[in-house]
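Only this structure's heavy atoms are used, side chains among them; waters, hydrogens and symmetry mates stay out.
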Amino acid sequence: MIRRVLCSLLIVALILAAVPGIVFAQQGDHQITAFGNEFEIDTPEDWATGDLDGGKLVIDPYLGGGAILLAEGETEATYTSCEIDIGPFEYLVMSWNADCPEGTWVEVTASVWLDKHQQWSTYLTWGKWSPFIKRSSHARYPTSEAPYVDISMDEFFVRGNPANGDTASKVRLKVILHRDDPSIESPVLWYLHGTVRTTGIEPNKVFKDGLGDNIEDYTCEVEVPQYSQIVRSPNIAGVMCSAATAAMMINSVSQMDGAPLNVLPEEVAMGCFDFRANSFGNWSFTMAAAGSYGYRSYVDYSTIEGIKRHLLSGYAVGASVAYSTDPSAPNYLENAYGSTPGHLIVLRGYTVIDGVEYFIANDAYNPSNETVRKLYRVDQFVNCWSRNAIYVVKPGKLPGVGKHPVKRVQADLEEVEEGKYVLRLDAFGANEPVVTPKTNSAYSNRHGFIAYIDEPEVFEGASPSKYAYINVATNTSDLLALPDELIDDPDFRLYVANNDAHTGKLFVVDSSSAIKPLIRATVSSTDYWVDVNEIGPNEKGIIFGETTVEEFLSGLKPARRAQVKLFAAGTTVEDASDFFSKEHKSTGTLAEGDFLAVLAWDGETLHKYSIKGGPALLPLELWFEYDNVELYHKDFPFTNILHGYKGNGVMTWTSSNPGIARVDANGQVTPYNVGRDVIITVHVASDGVYRAATASYKLSVLRGTIHSFHWGTIIHPKVGEVPQKIYIPSPEDEPDLFFFGPNEPRITWNGELENGRFKEGVAYSVEVRLQTNDYPGGNSAYFYANPFTADMIIGLPKVGDRVGDRLYITGVTVTRNNNYYLTVSISYSPLRLPSVFGYAALALDGNVSMAGNSGTSSSSGDPQEADV
């Protein structure tokens, strides 16, 4: 780094002495030279080897140690690199680091030299990128547009077989820099990195780390915070491993600089989300998001030695893996929490125990922050490592860059209903609302999160801050339900992100924000019963002449920022002036006719309460038959028996999460979605004899897991018969394995019918849906099996099976969609009417008579509707 900075300063001096501005001419004596399977462009000399689009781009030797940006007045330009020799290879991944202010983006494209065809390929794109746009990878190219190459989200590849010469050996790049208007600050592109590999061949590495050749005799561990993805925002916790890995690495290197960023994993997730793929796993986007904080970040195809060298150099790396906890699996990984077909982990260290090599890992797929740190055997890791891919985020923030990552925006809160708030950019001024993420998001509920914390944020490797979440997957409102004790906590902080409405922005509410409560002149109490205009005894009695003023007032809780005073009978209090000027009671005992006055925080709104005497009300102890209830769909509707109810108090039932379970006025619960730990509460109001009381129980709506099931009964098509529309499960299955709602056919026949019956010469297919999404919420299913394949269906028919005269099965497929509908489709060869001398004849009345070697049977009845 020191060498590059000095070189850059020398170049600056020479150029500024020769010409005004910071524009470089192409340098004929400098080349972009690959080292092993990598190349990079990041110095003024490197950028100068390419074409600067006729002066529309300029080189800044300071920013990032060397960068390109749009010339003054330009809104878009293309940087074209020189040809870079690196081959032969099959796959290419490009990484870029850029500062992209709002209203700007960069787009990296590449063309490769095709060895077999001796020509350059089509340019393929990694997609436009900025934290502030709805970035999207390309969805593959048709062969008509790119006959020899393609790109799969982040991996550019040569079509064909490398063993047959289908490889590339050179790369050239075109990078577009764009801003919407000349008045907007230009995007700054300060690093390009390319890495290549070929299937079945270990990447060729040339190391520039200065560690020498022998690195075997060492152990090391890097300080990296531990983030469990499982405990993060529940709507994205299961799919944010890439972002969680990057967040751990970013926070680690920033801590080395003495200025920990405390970047939230969800914050990184919002900056790398691929809107086309609906995924946080785009490698290139993830490293672009990491680079936006000012640290050189890239994807590399590496080796075990390469990983060790990064660790020995003092920083962690990420690794793409796919592992299993099944000891018989080829990708078995001892000490893993669970199996995963695709995942990112942090490798933070290396050690040897009893002669066995281990990587020290931070694996976000663990149930708590404390359990994230793992020891994984190196020999097993090799079998789990996907495509030799790693993430690299190097320590040492580069000069002048890292100014435009996901933007943290100070926001305010305004209470619009009791205990419910709307997020605003200025609660007292412009009053611009912030749209919070919710289930009816324009794309999906992966597009945002709502989190809050009521303790200081810290950087402690094993104990990062604990956040609580409002689950976007079940949130249906822009209003945030937040209790007063949370709002009043001096350490309270709220984070809200909605990439649908506010791409790339994280809204923060903390001690610097304005919190505007409702204007409420009210009180609440557990000691006393509070009606609209009257306060009376509840747990405590009110005895005039005995109950002290101090005791009475201590049992009341005013609304936020409201003031409370007790006035003697006969005192006139009609407005705020009277509230402050008239003498109030602060000592002594309550007397009949005394009243309470409450003045809201606005200094104008006033409310008065009369006081009713009497003894304490009788206690009302409520409890449910079951404290903790776990039910499957077939177990609903459900009513938990309430015990202890007496008197005539009005019952009010509530569910803490109507997005999972809903309760009616009689306490009957119906499911809406799969989910856990819903609190069903009943509140009984005081009836003047018994106290008000509350009871609750915990409810979980479960989704069963199917390990295997037997094939049910299907009557195969016969000419003249009516299609069967009812699926009959195998008697060997458990009774509750299938749950079919009423009047919902599970069999759909395709093929032309004649009077509602099968006819001669028509090929038919049948689709059997073995499961339905019976929850109205639509985000989950009655059962879930993972993995779930055709192999689990015992006795499934096979292609070629003969199922009738001249009738054969020609196709069998098993599919499962995102809602876990499982569909088995069976296709049949064309039905043919047998000869009258053979086996069957079609009667004029539509009945079928079967005769001959197959025995006899008949079928008749009214035609039924069939899905055709």
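With sequence neighbours left out, Phe624 forms a side chain to side chain contact (heavy atoms under 4.5 Å, CB included) with Asn640, Leu642, Trp653, Val682, Ala695, Tyr697. Residues passing the side chain to side chain contact (heavy atoms under 4.5 Å, CB included) test with Pro637, sequence neighbours excluded: Gln668, Thr670. Listed by chain and residue number, Ser137, Asn282 satisfy the side-chain hydrogen bond (donor to acceptor under 3.5 Å, both in side chains) test with Asp274 (two or more places apart in sequence, or in another chain). Asn164 meets the side chain to side chain contact (heavy atoms under 4.5 Å, CB included) test with Lys116, Asn161, Asp166; sequence neighbours excluded. Among residues two or more places apart in sequence or in another chain, the side chain to side chain contact (heavy atoms under 4.5 Å, CB included) test is passed with Ala329 by Ser324, Asp326, Asn331. Considering only residues two or more places apart in sequence or on other chains, His716 meets the side-chain hydrogen bond (donor to acceptor under 3.5 Å, both in side chains) condition with Tyr828.
No side-chain heavy atom of Tyr764 sits under 4.5 Å from any side-chain heavy atom of Val766. Between Arg446 and Asn278, the closest side-chain pair of non-hydrogen atoms falls below 4.5 Å. Between Asn366 and Ile230 the shortest side-chain heavy-atom distance does not fall below 4.5 Å. In this structure, Phe758 and Pro723 have side chains that are in contact, with non-hydrogen atoms separated by less than 4.5 Å. Side-chain atoms of Tyr323 and Asp363, non-hydrogen and from C-beta on, do get closer than 4.5 Å to each other. Residues Val669 and Leu699 meet the side-chain proximity criterion, which asks for heavy atoms closer than 4.5 Å. Considering only heavy atoms from C-beta on, Ile826 comes within 4.5 Å of Ile809 through its side chain. Contact of the Lys438 side chain with the His447 side chain is not registered, since no non-hydrogen atoms from C-beta on lie closer than 4.5 Å.
With respect to Arg135 and Glu107, no salt bridge is recorded, no charged nitrogen being found less than 4.0 Å from a carboxylate O. Contact check on Glu266 versus Arg232 returns a salt bridge, with a Lys/Arg side-chain nitrogen under 4.0 Å from an Asp/Glu carboxylate oxygen. Note on Lys759 versus Glu752: salt bridge recorded, some NZ/NE/NH1/NH2 to OD/OE distance being below 4.0 Å.
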#### Entry: Verdict with reasoning, Trp120 to Ser111, per side-chain contact (heavy atoms from CB on, under 4.5 Å)
CA-CA 6 Å; Trp120 286 99; Ser111 170; 3.6 Å; yes
### Task
Under the side-chain contact (heavy atoms from CB on, under 4.5 Å) rule, what do Leu92 and Val112 come out as? Steps first, then yes or no, please.
CA-CA 9 Å; Leu92 163 69; Val112 300; 4.3 Å; yes
#### Entry: Stepwise side-chain contact (heavy atoms from CB on, under 4.5 Å) check, Phe157 with Val149
CA-CA 6 Å; Phe157 61 92; Val149 291; over 6 Å; no
### Query
Can you list the steps and then say if Arg676 with Glu630 is a salt bridge (Lys or Arg N to Asp or Glu O under 4.0 Å)?
CA-CA 8 Å; Arg676 302 194 69 90; Glu630 296 184 341; 2.5 Å; yes
### Task
List the steps, then state whether side-chain contact (heavy atoms from CB on, under 4.5 Å) holds for Asn475 with Ile450.
CA-CA 10 Å; Asn475 182 45; Ile450 305 169; 4.0 Å; yes
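Residues Thr325 and Ser339 bring a donor and an acceptor atom of their side chains to less than 3.5 Å of each other. Counting only N and O atoms by type, the side chains of Ser829 and Thr810 include no donor and acceptor under 3.5 Å apart.
In terms of modelled atom types and a separation under 3.5 Å, the side chain of Asp150 and the main chain of Arg140 share no donor-acceptor contact. Panel note: side chain Ser233, backbone Phe449; no donor-acceptor pair is recorded below 3.5 Å. Side chain of Arg276 to backbone of Ser136: no donor-acceptor contact under 3.5 angstrom is found. Ser656 places a side-chain N or O within donor-acceptor distance of the main-chain N or O of Ile679, the cut-off being under 3.5 Å. In terms of modelled atom types and a separation under 3.5 Å, the side chain of Trp126 and the main chain of Asp154 share a donor-acceptor contact.
More than 12 heavy-atom neighbours from other residues, nucleotides or ligands sit within 6.0 angstrom of CD1 on Ile133. Residue Tyr123 places its OH atom among more than 12 non-hydrogen atoms of other residues, nucleotides or ligands, all under 6.0 Å distant.
To the nearest 0.5 Å, atoms OG (Ser700) and CG (Asn628) are separated by 6.0 Å. Expressed to the nearest 0.5 Å, how far OG of Ser284 lies from CE of Met94 amounts to 8.5 Å. The CG atom of Leu124 sits 6.0 Å away from the CD1 atom of Ile151 when rounded to the nearest 0.5 Å. In this structure, the separation between CG on Asn498 and CE on Met270 is 9.0 Å, given to the nearest 0.5 Å. Rounding to the nearest 0.5 Å places CG of Leu114 at 11.0 Å from CZ of Arg159. Separating the CD atom in Glu760 from the CG atom in Leu831 is a distance of 9.0 Å, to the nearest 0.5 Å.
Residue Trp283 comes nearest to Ala389 through the heavy atom pair CH2-CB, 3.5 Å, listed as atom of the first residue, atom of the second, then distance. Listed here is the closest heavy atom pair of Ser242 and Phe280: CB-O, 3.5 Å. Considering every non-hydrogen atom in both Val435 and Ala501, the closest pair reads CB-CB, 3.9 Å. Nearest heavy-atom pair, Cys384 versus Leu333, reported as atom, atom and distance to 0.1 Å: SG-CB, 4.0 Å. Across all non-hydrogen atoms, the minimal contact from Pro162 to Glu90 is CG-OE1, 3.6 Å. Looking at every heavy atom in both residues, Ala322 comes nearest to Pro341 through CB-O, 3.3 Å.
Exactly one residue among Val663, Asp664, Ile660 makes a side-chain contact (heavy atoms from CB on, under 4.5 Å) with Ser655. That residue is Val663.
Between Phe156 and Tyr91, a ring centre-to-centre spacing not shorter than 6.0 Å is recorded. Taking the six-membered ring for Trp and the full ring otherwise, the centers of Phe273 and Phe275 sit less than 6.0 Å from each other.
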